[in-house]
Protein chains: 2
Amino acid sequence: MTDGRKLSGETRAGDVLQRMRLDIISCVLKPGAKLRFEALKDMYAVSFSTLREALSRLVAEGLVVAEGQRGFIVAPLSLADLLDLTDVRVLVEREALRLAIEKGDDRWEAEIIGTYHRMDRLQNRLGHEYYLSEDWSKVHGEFHYALVSACGSPNLLEIRQKLFERAHRYRRMSSQFRPKWREKDVEHRTIMEAVLARDPKRASDLIERHIRETTENVVEHAGHLFSGGLTKSGADVAAE
Amino acid sequence: MTDGRKLSGETRAGDVLQRMRLDIISCVLKPGAKLRFEALKDMYAVSFSTLREALSRLVAEGLVVAEGQRGFIVAPLSLADLLDLTDVRVLVEREALRLAIEKGDDRWEAEIIGTYHRMDRLQNRLGHEYYLSEDWSKVHGEFHYALVSACGSPNLLEIRQKLFERAHRYRRMSSQFRPKWREKDVEHRTIMEAVLARDPKRASDLIERHIRETTENVVEHAGHLFSGGLTKSGADVAAE
DNA sequence: AATAGCGATAATTTCGAAAAGATCAAACCA
DNA sequence: TGGTTTGATCTTTTCGAAATTATCGCTATT
């Protein structure tokens with residue numbers, strides 16, 4: 001269930017924010033679902049105002065949409081948004097990776113290797129369907145972050161992170177349909193090698209292909225779930 | 001004064017959000033200033049919770065920073081942030097402009113010409129110190145938006161807009177010191193011509209120079225105001 | 001004299017009730 | 001019958017008080 005976790009956000013609203021973010025990213029809260037305060041109040045055990053604050057911040061992150069005075073809904077997934085998101089991510093990731101390769105030091109290299117190792121081991125331990133694991137997703141995110149973390153631009157990193165999280169919602173959808181993610185771990189290794197070899201052109205090209213192919217997979221396997229531009233309105237929160 | 005405006009945000013919190021955003025961008029609320037709820041409550045004539053919601057959203061926009069449970073302050077300006085912001089803006093604006101030139105239609109061209117005309121006329125009417133005018137700032141923003149509006153990427157446009165607004169705070173600081181902005185209107189015309197001539201390389205280069213030169217101006221004229229990485233804590237809200 | 005502990009004050013954060021607004025359906029009129 | 005208005009119900013939005021947490025000055029102790 002959603003409750004029971006205690007992510008140590010300093011303030012209670014910050015705590016709820018983080019928990020809701022994870023629940024949206026991992027599709028516990030389904031795209032397009034209406035977010036009724038009563039239901040959420042029970043779900044996260046906080047009051048109106050606290051919820052409202054968390055919701056507001058998620059709006060600014062693009063994970064929730066505010067509809068005038070008609071409340072909030074989980075940001076819908078659409079093919080148009082996925083394709084747009086992909087292009088913007090390619091732009092940002094390429095630049096961040098180029099800069100990181102230019103500026104990264106030994107600690108940066110070590111962090112990449114370390115994170116890759118953890119991801120690789122976890123993958124072996126989890127077996128075939130590793131990509132369904134929430135833990136693996138986390139390490140996978142950390143690996144991709146490690147690659148660009150030395151780019152030296154806080155603003156670029158922040159933008160990248162938000163885009164990455166939004167893209168994760170789409171990846172999550174397709175992963176339910178057993179895509180050919182067997183090849184992905186090879187890609188990760190190849191990318192790491194190009195990065196450590198300080199080859200910005202090759203690394204950027206590989207990252208771009210990595211991102212675009214993932215998108216193609218999503219479109220192929222789960223594209224029918226968000227036809228047109230809007231999802232068929234997801235199930236209600238109460239329906240959980 | 002700050003009060004008295006009525007930006008037609010649908011909800012009251014949305015209204016306060018917009019008003020605060022403008023006040024921060026235009027430095028009515030000074031960088032680094034502590035935002036005390038009592039003072040803000042009088043200033044915007046709303047209650048705690050409503051303020052809190054507006055504040056929260058501004059945090060996610062990067063215009064306000066939340067300090068644990070020690071309240072909120074207006075996001076400080078720093079040299080490091082300005083330089084970083086400049087680089088990211090160059091990346092985003094170049095790409096957006098390239099796409100807009102590729103995809104823009106007749107309506108797009110018309111909008112650019114129209115907005116430029118309004119900016120130009122207002123400039124003549126206002127005389128030498130046009131750049132101090134809040135109205136001119138608004139039209140100037142609309143002109144730059146018009147240039148990239150046809151890029152076809154909602155996500156890119158949203159990111160661009162937030163970066164543009166944050167950069168405006170720095171421009172505002174330097175404009176108090178009469179920079180050599182006489183040349184800027186020539187630049188705007190040159191950029192427009194390159195865009196309408198559908199020359200993406202030239203247009204992107206011009207935009208990049210436009211952005212970087214503005215930054216250089218800011219650093220030269222107002223750089224001493226935010227030494228190190230943090231502003232000397234700005235005046236308090238109550239001190240207005 | 002400097003520092004740690006304590007208490008009073010001032011701020012933020014959270015809460016649930018009350019106000020404002022939207023939705024839906026039944027009734028009414030053309 | 002079709003379309004519009006009215007009213008009842010449910011949801012969101014706003015409010016100000018209460019609880020929580022930080023801040024600052026004071027005293028006592030080393």
Side-chain angles (χ1 to χ4, degrees), chain A residues 3 5-20 24 29-30 32-60 63-75 233-240, chain B residues 3 5-20 24 29-30 32-60 63-75 233-240:
Chain A
D3 211 335
R5 276 169 290 167
K6 278 173 195 170
L7 298 178
S8 65
E10 308 238 323
T11 159
R12 198 177 296 210
D15 200 48
V16 174
L17 169 67
Q18 291 187 45
R19 284 161 58 193
M20 285 197 71
I24 292 174
L29 294 172
K30 302 215 174 72
K34 185 144 189 19
L35 295 166
R36 291 216 182 68
F37 281 82
E38 283 300 335
L40 294 175
K41 204 155 74 90
D42 297 341
M43 203 163 166
Y44 297 99
V46 288
S47 73
F48 290 120
S49 332
T50 308
L51 272 175
R52 176 159 272 274
E53 176 167 343
L55 263 322
S56 300
R57 292 208 207 177
L58 288 169
V59 168
L63 293 175
V64 165
V65 180
E67 307 204 281
Q69 16 208 173
R70 266 175 282 178
F72 299 86
I73 64 169
V74 179
S233 63
D236 213 73
V237 171
E240 271 299 292
Chain B
D3 210 335
R5 276 170 291 166
K6 278 172 192 169
L7 297 177
S8 64
E10 309 238 322
T11 159
R12 197 175 297 206
D15 201 48
V16 174
L17 169 67
Q18 291 188 46
R19 283 161 60 193
M20 285 197 73
I24 292 174
L29 295 171
K30 302 214 174 72
K34 186 145 188 16
L35 295 166
R36 289 215 182 71
F37 280 82
E38 283 300 335
L40 293 175
K41 206 157 73 87
D42 297 339
M43 202 162 166
Y44 297 99
V46 288
S47 72
F48 289 120
S49 331
T50 308
L51 272 176
R52 175 159 272 272
E53 174 167 343
L55 264 322
S56 299
R57 292 209 207 177
L58 287 168
V59 167
L63 293 175
V64 166
V65 300
E67 308 205 279
Q69 12 205 182
R70 266 175 282 180
F72 300 86
I73 63 169
V74 179
S233 64
D236 212 76
V237 171
E240 271 300 292

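Every chain is numbered from 1 and lettered A, B, ... according to where its sequence line falls, protein lines coming before strand lines.
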Working to the nearest 0.5 Å, report the span between [atom1] of [X] and [atom2] of [Y].
X        : Y        : atom1 : atom2 : result
Leu55(B) : Leu17(B) : CG    : CG    : 10.0 Å
Lys41(B) : Arg36(B) : NZ    : CZ    : 15.5 Å
Gln18(B) : Leu58(B) : CD    : CG    : 10.5 Å

**OP:** Pick base, sugar-phosphate or nothing for Phe72(B), based on heavy-atom distances below 4.0 Å to the nucleic acid.
**Re:** sugar-phosphate
**OP:** Have a look at Thr50(A) and say if it touches a base, only the backbone sugar-phosphate, or nothing, with a 4.0 Å heavy-atom cut-off.
**Re:** sugar-phosphate
Subject >> Positional range of nucleotides in DNA chain C within the contact set of chain A, heavy-atom, under 4.0 Å >> reply: dT13(C) to dT23(C)
Original post:
For every nucleotide of nucleotides 20-25 of chain D, 5' to 3': is a protein heavy atom under 4.0 Å from its base (B), only from its sugar-phosphate (S), or from neither (-)?
Top reply: -SSS--
**OP:** Apply side-chain contact (heavy atoms from CB on, under 4.5 Å) to Leu63(A) and Val74(A), showing your working.
**Re:** CA-CA 6 Å; Leu63(A) 293 175; Val74(A) 179; over 6 Å; no
Original post:
Tell me the salt bridge (Lys or Arg N to Asp or Glu O under 4.0 Å) pairs involving residues 63-74 of chain A, sequence neighbours left out?
Top reply: none
Using atom types as modelled, flag every donor-acceptor pair under 3.5 Å from a side chain in residues 47-54 of chain B to any protein atom, sequence neighbours excluded.
unit_1: Arg52(B); atom_1: NH1; unit_2: Glu53(A); atom_2: OE1; d: 2.5
unit_1: Arg52(B); atom_1: NH1; unit_2: Glu53(A); atom_2: OE2; d: 3.2
unit_1: Glu53(B); atom_1: OE1; unit_2: Arg52(A); atom_2: NH1; d: 2.5
unit_1: Glu53(B); atom_1: OE2; unit_2: Arg52(A); atom_2: NH1; d: 3.1
unit_1: Glu53(B); atom_1: OE2; unit_2: Ser56(A); atom_2: OG; d: 3.4
unit_1: Glu53(B); atom_1: OE2; unit_2: Arg57(B); atom_2: NH2; d: 3.0

Subject >> Presence of Thr11(B) side-chain N/O under 4.0 Å of dT14(D) phosphate oxygens OP1/OP2 >> reply: yes
Subject >> Rounded interatomic separation in angstrom, taking CZ from Arg36(A) and P from dC10(D) >> reply: 12 Å
Original post:
Passes side-chain contact (heavy atoms from CB on, under 4.5 Å), Leu35(B) versus Ile73(B)? Steps please.
Top reply: CA-CA 5 Å; Leu35(B) 295 166; Ile73(B) 63 169; 5.7 Å; no
Original post:
Do any of residues 51-59 of chain A sit with a heavy atom less than 4.0 Å from DNA chain D, and if so which?
Top reply: Arg52(A)
**OP:** Name all residues meeting the side chain to side chain contact (heavy atoms under 4.5 Å, CB included) criterion together with Ala66(A); count only those two or more places apart in sequence or in a different chain, and write none if there are none.
**Re:** Val59(A), Phe72(A)
Original post:
Start at the 5' end of DNA chain C and walk down; is the nucleotide closest to Ser47(A) or to Gly71(B) reached first?
Top reply: Gly71(B)
